[in-house]
2 protein chains.
Amino acid sequence: MKKNCKSLPQYTLKRLTEYLNILYQLREKGISSISSGELAQRMNITDVQVRKDLSCFDSIGKRGVGYDIDKFISIIEEDLGLNRELSVIIIGAGRLGSALIHYKRLSKARFRVKAGFDIAKDKINKTINKVKIFSIEKLDEYLKENKIDIAVFTVPEDEVEGIMDIIKKSDIKAILNFSPGIINSRENLIVRNLDIVSDFKILSYKIKEKNNAD
Amino acid sequence: MKKNCKSLPQYTLKRLTEYLNILYQLREKGISSISSGELAQRMNITDVQVRKDLSCFDSIGKRGVGYDIDKFISIIEEDLGLNRELSVIIIGAGRLGSALIHYKRLSKARFRVKAGFDIAKDKINKTINKVKIFSIEKLDEYLKENKIDIAVFTVPEDEVEGIMDIIKKSDIKAILNFSPGIINSRENLIVRNLDIVSDFKILSYKIKEKNNAD
DNA sequence: CCTTGTGAAAACTTTCACAGCT
DNA sequence: AGCTGTGAAAGTTTTCACAAGG
């Protein structure tokens, strides 16, 4: 599906996922086509950026017209691998983990939460939104019997290391880590570290910076 | 506190928040000093990157020795503006919003959640972790009477626009948006868009890419 | 005429190589 | 000797300028 690019540039990849959100919304409204300029405006970027992002793909647009939304969506979905199911486990069934288990947009995008894991006795063997929560002690065994693609970490920082020892021995392909601290992506594992508090801190800096400018 | 830099480079800023997480953890363990090499290893980056990031500040390190952790922490905290309180409201008291209201690391970093807002009658006028939940209809009035720095959006996409109309008229300085879709940061507002599903999709692409490589 | 597509330039970020303290 | 600090080089991303198609 690609032309020149061996693999998508990092920032293009990120934006493609954001284009999708906007395109879904437009499709919902019955709109069938959009120009790079309009899309750029909604994304708060330039129109050239949109077109450059698409230059990795065989021509999607029509000159003088714009992009067909259905076609645009299916090409991105295809390329991101979103037309297959990926199985997910949530490690740490606290409030954030539980929110993710309930998150409808995840299941719409075909990410299937298969199980949760926790250390708290009052959570173990219960279900959250039909997803069973197991003791963390069962994780090793569970991973031997079930093929899981992505493990999500929503546990306190000090539990991460022990869990990683188990994950490394499994066939899990990727980790999405919400705990503070960085999980290294050696060991052939794909890792994304996503600390929400970090984003608050960045806002703090920008607020401060702006105050100084006044 | 800065030397040459007018303002911190975007990626340096992001990493500074991540250094903090690691430094807190080290301080907890009673460690008082660290070299750029050790810190880099924990961050999964190069030692030069660490030192370059710090080149915006007046010399923090000691050659031949490393960085004093207490000093390092206080310089970053000072520069990010983390030694003051920022007031926060959570718009959308669903599972994610509720998780944020309970999130201890936020309060530790001095982000104070002052109120929540929702449209659901069963949530309005209740409290979550001592934070009162108001009707979204009270938002306008609330913002006139209370100085709030950051608004967090944890509402469905279609509610964003109406809420933005109210926010724009207020003195809110920054938005952290968990809804899909991009909020434009014109109107003198600082915005960070943070779609969690987007990170899952990026993992999807990388898993697919890796499979192809085998 | 409108909008896509794209080499080339500009801007930004990371890495290299090495000078400089302690 | 060991680690910090930094100008210069390399690599990546964005923007510019304009060619080309409907």
Side-chain angles (χ1 to χ4, degrees), chain A residues 1-19 23 26 31-72 75-76 182 185 202 206 209, chain B residues 1-19 23 26 31-72 75-76 182 185 202 206 209:
Chain A
M1 196 52 76
K2 308 227 196 87
K3 249 195 310 194
N4 318 311
C5 317
K6 270 180 306 199
S7 73
L8 293 172
Q10 185 182 167
Y11 297 93
T12 295
L13 175 56
K14 175 77 180 165
R15 278 189 300 270
L16 287 179
T17 69
E18 294 167 348
Y19 295 146
L23 294 170
L26 292 169
I31 297 166
S32 65
S33 155
I34 190 168
S35 70
S36 59
E38 289 172 275
L39 185 52
Q41 200 169 20
R42 288 166 188 271
M43 287 279 293
N44 222 18
I45 57 177
T46 67
D47 55 337
V48 198
Q49 184 75 81
V50 172
R51 296 199 297 276
K52 253 290 165 15
D53 282 342
L54 297 179
S55 68
C56 280
F57 301 93
D58 295 323
S59 175
I60 303 179
K62 271 206 179 69
R63 294 177 198 236
V65 183
Y67 300 91
D68 178 78
I69 288 179
D70 285 338
K71 189 178 174 189
F72 198 159
I75 286 177
I76 299 180
I182 305 289
S185 62
I202 291 170
K206 294 197 171 171
E209 196 185 22
Chain B
M1 198 52 77
K2 306 221 197 92
K3 251 197 307 195
N4 318 311
C5 317
K6 271 181 304 202
S7 74
L8 293 172
Q10 187 183 164
Y11 298 93
T12 295
L13 175 56
K14 175 75 180 164
R15 279 189 298 270
L16 287 179
T17 69
E18 295 168 347
Y19 294 147
L23 294 170
L26 293 169
I31 298 166
S32 65
S33 155
I34 190 169
S35 69
S36 58
E38 288 173 276
L39 186 51
Q41 200 170 20
R42 288 165 189 269
M43 288 280 293
N44 221 18
I45 57 177
T46 66
D47 55 337
V48 198
Q49 184 73 82
V50 171
R51 295 198 298 275
K52 253 286 161 21
D53 282 341
L54 297 179
S55 68
C56 280
F57 301 92
D58 295 323
S59 177
I60 303 178
K62 270 207 180 70
R63 296 179 198 232
V65 183
Y67 301 92
D68 178 80
I69 287 180
D70 284 339
K71 188 178 175 188
F72 198 159
I75 286 178
I76 299 180
I182 304 290
S185 63
I202 290 170
K206 294 196 171 173
E209 197 186 21

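In what follows, every heavy atom counts, from backbone to side chain, and hydrogens, waters and symmetry copies are set aside. Here is how names work: the chains are called A, B, and so on, in the same order as the sequence lines, proteins then strands, and each is numbered from 1.
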* Asked: Side-chain donor-acceptor pair under 3.5 Å between B/Gln49 and B/Thr46, yes or no?
  -> no
* In whole Å, what is the span from the CD atom of A/Glu38 to the P atom of C/dC2? -> 14 Å
* Asked: Is there a side-chain polar atom (N or O) of B/Ser55 under 4.0 Å from OP1 or OP2 of D/dG5?
  -> no
* **Shortest non-hydrogen contact between A/Arg15 and A/Asp53, atoms and distance** => NE-OD2, 2.7 Å
* To do: List the steps, then state whether side chain to side chain contact (heavy atoms under 4.5 Å, CB included) holds for B/Thr12 with B/Tyr19.
  => CA-CA 10 Å; B/Thr12 295; B/Tyr19 294 147; over 6 Å; no
* Once you round it to whole Å, what is the distance between C1' of D/dC3 and CD1 of B/Ile60? -> 15 Å
* Asked: Once you round it to whole Å, what is the distance between P of C/dT6 and CG of A/Leu54?
  -> 11 Å
* Asked: Quick one: A/Asp68 CG to C/dT3 P, roughly how many Å, whole number?
  -> 16 Å
* Could you work out which one of C/dT14, D/dT4, D/dT13 sits closest to the side chain of A/Pro9? => D/dT13
* Base-contact (B) and sugar-phosphate-only (S) positions in nucleotides 17-22 of chain D, heavy-atom cut-off under 4.0 Å, - elsewhere -> --BBBS
* Options C/dT13, C/dT15, C/dT6, nucleotide nearest the side-chain atoms of A/Lys52 -> C/dT6
* Asked: Looking at A/Tyr11, does any N or O in its side chain come under 4.0 Å of the phosphate oxygens OP1/OP2 on C/dC12?
  -> no
* Find the distance B/Lys71:NZ to D/dT4:P and express it as a whole number of Å. => 13 Å
* B/Leu13 and A/Lys206, any side-chain heavy atoms less than 4.5 Å apart -> yes
* To do: Just do the side chain to side chain contact (heavy atoms under 4.5 Å, CB included) check on A/Phe72 and A/Leu26 with the steps written out, would you?
  => CA-CA 12 Å; A/Phe72 198 159; A/Leu26 292 169; over 6 Å; no
* So, is B/Gln49 close to the C/dT13 phosphate, meaning a side-chain N or O under 4.0 Å from OP1 or OP2? -> no
* To do: Let me know the distance between CD of B/Gln10 and P of C/dC12, rounded to the nearest Å.
  => 10 Å
* To do: Would you check, one step at a time, whether the test side chain to side chain contact (heavy atoms under 4.5 Å, CB included) holds for B/Lys14 with A/Ile202?
  => CA-CA 7 Å; B/Lys14 175 75 180 164; A/Ile202 291 170; 3.8 Å; yes
* To do: Return the value, rounded to whole Å, for the distance between atom CG of B/Leu16 and atom P of C/dT13.
  => 13 Å
* Asked: Under 4.0 Å: is that the gap between some side-chain N or O of A/Thr46 and OP1 or OP2 of D/dT15?
  -> yes
* To do: Select one nucleotide: of C/dT15, D/dT6, C/dT14, the one nearest the side-chain heavy atoms of B/Arg15.
  => C/dT14
* Looking for any heavy atom pair under 4.0 Å, which part of the strands does B/Ile45 touch: base, sugar-phosphate only, or nothing? -> nothing
* Length of the CG-C1' vector between B/Asp47 and C/dT14, whole Å -> 12 Å
* After noting the C-alpha distance and the side-chain angles of A/Leu23 and A/Tyr67, does the key distance pass the side chain to side chain contact (heavy atoms under 4.5 Å, CB included) rule? -> CA-CA 11 Å; A/Leu23 294 170; A/Tyr67 300 91; over 6 Å; no
* Look at the side-chain N and O atoms of A/Ser35 and state whether any lies under 4.0 Å from the OP1 or OP2 oxygen of C/dT3. => no
